[in-house]
Amino acid sequence: MGTEAEISPREAEVLELVGAHLSNAEIAARLCLSVRTVESHVSSLLRKLRVPDRRALARRAPEAAGAAPSHPAPVLPAPLTSFVGRASERAELTEMIRAHRQVTAVGPGGVGKTRLALAVAGEAVGEYSDGAWFVDLVPVTDPGMIATAVAGAAGLGEQPGRDMTESVVAALADRHALLVLDNCEHVADGAALFLERLLATCPRVTVLATSRARLMVPFERVYPVPPLSLAVDGESDAVALFMERAAAVGWPLDPPLRGQIAAICARLDGMALAIELAAARYPTLGLDGITAALSHPLRMLTGGSRADERHRSVRAALDWSHALLEPADRALLRQVSVFTAPFTAVAAAEVVRFGPGPVGTGTVNEDTGNEDTGDEDTGDEDTGDEGPADEGIVADGLARLAEQSLLVVTASPAGTGYRALETIRQYGTERLAEAGELVDARSRHLRWCLAQAAGLTVVQADWRARFDLVADDLRAALAWAADRPERRADAYELARRLAELTFTRHLTGESQRRYEQAAELAGDPADRASMLRQAAAVAGCRTIGDDMYRLRRAAADAARDSGDSAGAAADLATAATVAFRFSTTFVRLPSREEALALVREARERAGDDPAARAAVALAEAGVLTDAFGAAQGPSENEVPETIARAEHAVDLARRTGDPLAESAALDALIGAQSWAGDTFAAAGTARRRIALLSSLPISPAGTHELVDALAMVTEAGLGAGDVPGARRWARRLAGHPSLAEVGHRATCRLLMVDALAGNVAEVLTGSVRFLDAWRRAGGPALSILRPAAAGVAMIHGLRDDRTARREWQEVLERLGTPPEGTYGYGAVFDALLLLHRGRAPEALERMAPEAGQVWKWVTWIWHHWYVALRTEAAVLAGSPGARDRLAEARTVVAGNPVAGAIVERAAALLDGDREALLATADAFDAAGCRYQSARTMVLAGGPHAERGEAVLAGLGFAPMAPARSR
């Protein structure tokens, strides 16, 4: 059967996108799959097409798919109406984006900037190998959320250790793509800052922006979008648009009427939006009625010098359209303008009020043109608030507004949705302010948002869709309330809710920012301290140690302000612990002296409070005796004291009844047990920690603690020789949703386990995700990634793939080579490869130091592996002291199924006992190490060697070289 027949339709889709150089996360977003499912398809494709890695798979994509390479489907919205005219504008703008990396199409609202940009992008997308993305900035009310909007459109996520802007820039660094940023004017400052970062870092990305004014960024080229052409003789785009839209509503116009239509279009200044609104009214007014309506003075929205000429024309068109509405519909239009995102009739009924006075009827002062010009109401209570409006009346009014093109009907999981175009929404908001209704309407919108946020606290199957539907409204309501002192309590509550919701949505950067915002809004210092602690926990999930430390110290200050001396002590102690426990996540690492000062102050403030005393005890175990092996810790640990302090911390934490405090203390105990060389105790404590955390509800602190615990239980299990168990924990870690966008962090432990087990296929598949994610993150030099990279390099060495090994050695060089790389994992992986190649003397030389001489770098998970492999190297190299090493090694690794089998294999080789040698092959199989089992058979010689070599070849390894004689 041919290759094409073996590939499923879904695999073919994945293969095409791999060929287009999309990451697994992007493929998942494009095909609406999980990242794990995409990984499974990629692994299947690697096997079916018999290629070694993702690069080779991408090269095979066109051939295997049976077609020439294709560009990824552009992420551009499909307009529901045809695009009319503008041939010269399309050509000019197309040439500009070919010649310049950033072009801004500028013009007044309603001139047609968005439709022109979409038309140009649709025609030019084929010139960009990575396609095009369209980002509508209408819902974005916070200039700092530009990157979040771009990430949502491009299917990207935030990477721990980076804010969203850094994550997006890193993801697009090597892309050849067109990015359309629409409606930048209300967030121009934020758009400018984002584009400066993007253009400086992503040399193959082109940006086409639309805005009412230029963005003032370097290298910007401005294209003023003109009104539609108005010529009567020859072609007129304005007339063509009017006629096409009139025909679309069932009223085609005869050519002789073109002159009358042209006059109407001229009165509308050739503005596309105004022309479409006029054409929509043609069935009921006719051309004469439209002309008569235009004979009335067109009032300025804000009048006189407050608007320039371009704004006058669009506001005049909107004033005219607004004047055609019934009074109740005018009131409805301006009141629903408080919604930023699409809304339903049910939502509108909660915000809209129909009743006496300006809020209800919308008739006061409207017909005279003498609107109130005062800014807005200033009271806290709503004027004329008579409860929710009738949903049926609101739905009928929304339908009338949609019929007149003032609202767009959208699909919504909650039912029929409506959305106001941005120019119309802004127009409605200003009308709302002029009517003196803005505070009341926004207050009702704020209450609606608070209710929506509260309703989202229970996570259900459709939770994500429901959150995404209201998220922009929550952000907009918070932005308004945060600036009003009388709404401070509501703003605090909404910021707190939004922080929780964005964490659940895995928008961790925004979650941390919202927790910090809630802390600023909190009226009670105790609440401020609580929010800062939550923000610190989210920073931990993002692996930003500096923020964890800063926020915990700020929480201590807030606790002191609230009179909570014990709380302040716990925060100070936790800050000191963070500096040592998570030292590898810092940019500016606090010194040991700084941490000691925090511990001293915490000890003084703790008093008899159980939680504070437990936090201080943990800090003492971490800082005084360095239970965590921190970068700034002493070079040697006093093992008995370290264990005693860690056990004391565990005992005090258990008494508090706080599982998270106990888990942190158990982490210190794991470190202490590993320094003592008690590998099995460390593994047992790691499992105990997982059992403690597994049933806890989702929270920032709980998630941070669980991810760390999964990493530790994987490593501790591997150190004790429990390869199957370590792999189970590593797979759970790799699939944790908080790590979905950071494949290098998610897979690093699993790669390490599979490399030591000799699982070639799994390493090749996992390394694709690792390398892709690591490069997109900018190649961070994280210490946790080094063992994985060394393990992948070793696997390629065992396969005799020199090109791939060289590539991964380059990755290792970028990650750095600390002492643990030389004497810990580095020595173990190097020795495994040297022994495979029959170079036992070199392997022995590579592991020349006794384990006790480099104890801190090998006593963690590498102790048994180091001792066992060093013993085997001594036997195969014919070392005079090999037998003595054997006796010592048996004592050290007793109980470890893998390391114990390696030592017994060495003993059998030394004694020439083939039966004992083959028995170790069975032990390796039982321990989940097929590579070591096959290696044993080869070492046994004779027919066993042939079977062993066949197994090695089936696993994907190169033949073993003969061991040098003793």
Side-chain angles (χ1 to χ4, degrees), residues 109 136 138-139 141 183 186 273 277 280 301 318-319 321-355 357-363 366 371 376-377 382-412 414-452 469-477 479-480:
D136 184 4
V138 167
T141 57
N183 293 301
H186 61 299
L273 175 59
L277 291 171
L301 187 60
L318 290 172
D319 272 338
S321 179
H322 184 262
L324 297 177
L325 297 174
E326 294 296 326
D329 288 348
R330 297 179 194 173
L332 180 60
L333 178 63
R334 65 175 178 260
Q335 289 191 58
V336 298
S337 69
V338 297
F339 287 100
T340 300
F343 57 91
T344 63
V346 175
E350 293 288 333
V351 173
V352 170
R353 293 294 179 270
F354 292 123
V359 174
T361 65
T363 59
E366 293 229 15
E371 296 98 328
E376 50 188 61
D377 293 333
D382 294 343
T383 302
D385 193 339
E386 299 182 348
D390 183 273
E391 183 183 332
I393 294 175
V394 171
D396 189 51
L398 294 174
R400 287 194 299 272
L401 294 174
E403 288 171 0
Q404 298 182 52
S405 300
L406 290 166
L407 292 178
V408 177
V409 180
T410 65
S412 165
T416 301
Y418 298 89
R419 178 177 64 86
L421 298 176
E422 178 60 13
T423 53
I424 297 174
R425 192 183 74 81
Q426 291 181 0
Y427 177 90
T429 301
E430 294 187 26
R431 282 286 187 179
L432 198 59
E434 290 174 357
E437 303 169 3
L438 187 57
V439 166
D440 289 345
R442 286 206 178 278
S443 296
R444 292 191 294 271
H445 179 252
L446 173 62
R447 288 204 300 271
W448 178 82
C449 287
L450 284 166
Q452 295 301 306
L469 189 65
V470 301
D472 286 318
D473 273 301
L474 302 185
R475 291 161 179 150
W480 176 78

What pair of heavy atoms forms the shortest contact from V394 to L332, and how long is it?
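Distance-wise, the nearest heavy atoms are O-CD2, 4.0 Å.
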
- What heavy-atom pair brings L474 and C449 nearest, and what distance separates the two atoms?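 Shortest heavy-atom contact: CD2-O, 3.3 Å.
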
Spacing of CZ belonging to R353 relative to CD belonging to E437, to within rounding of 0.5 Å
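It is 12.0 Å, given to the nearest 0.5 Å.
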
Rounded to the nearest 0.5 Å, what separates atom CG in L438 from atom CZ in R334?
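Here the interatomic distance stands at 11.5 Å.
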
Once ring pair (Phe, Tyr, Trp, His ring centres under 6.0 Å) is applied, what residue pairs with a partner in residues 328-348 remain, sequence neighbours excluded?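 Only F339-F343, F339-H445, F339-W448 qualify under ring pair (Phe, Tyr, Trp, His ring centres under 6.0 Å).
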
Could you walk me through whether V336 and V351 satisfy the side-chain contact (heavy atoms from CB on, under 4.5 Å) test, starting with their C-alpha distance in whole Å, then the side-chain angles of each, then the deciding distance to 0.1 Å, before giving a yes or no?
CA-CA 7 Å; V336 298; V351 173; over 6 Å; no

Original post:
Are any of the side-chain heavy atoms of D329 and L333 separated by less than 4.5 Å?
Top reply: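 D329 vs L333: side chains apart.
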
Does R444 reach the side chain of Q335, with side-chain heavy atoms less than 4.5 Å apart?
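Heavy-atom side-chain distance check passes, below 4.5 Å.
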
Check your understanding: Does any pair with a residue in residues 390-399 pass salt bridge (Lys or Arg N to Asp or Glu O under 4.0 Å), and if so which ones, sequence neighbours excluded?
Key ->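 Non-adjacent pairs meeting salt bridge (Lys or Arg N to Asp or Glu O under 4.0 Å): D396-R400.
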
Restricting to side-chain contact (heavy atoms from CB on, under 4.5 Å), what partner residues turn up for A402, sequence neighbours left out?
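By the side-chain contact (heavy atoms from CB on, under 4.5 Å) rule, A402 matches L407, V409, Y418.
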
What residues, two or more places apart in sequence or in another chain, satisfy side-chain contact (heavy atoms from CB on, under 4.5 Å) together with S337?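 Listed in chain order: R425, T429, L432.
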
Residue among T340, N183, D473 satisfying side chain to side chain contact (heavy atoms under 4.5 Å, CB included) with P139: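 Single side chain to side chain contact (heavy atoms under 4.5 Å, CB included) partner of P139 among T340, N183, D473: T340.
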
- Query: With R475, which residues qualify under side-chain hydrogen bond (donor to acceptor under 3.5 Å, both in side chains), at least two apart?
  - Reply: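 In terms of side-chain hydrogen bond (donor to acceptor under 3.5 Å, both in side chains), with neighbours along the sequence ignored, R475 is linked to D472, E510.
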
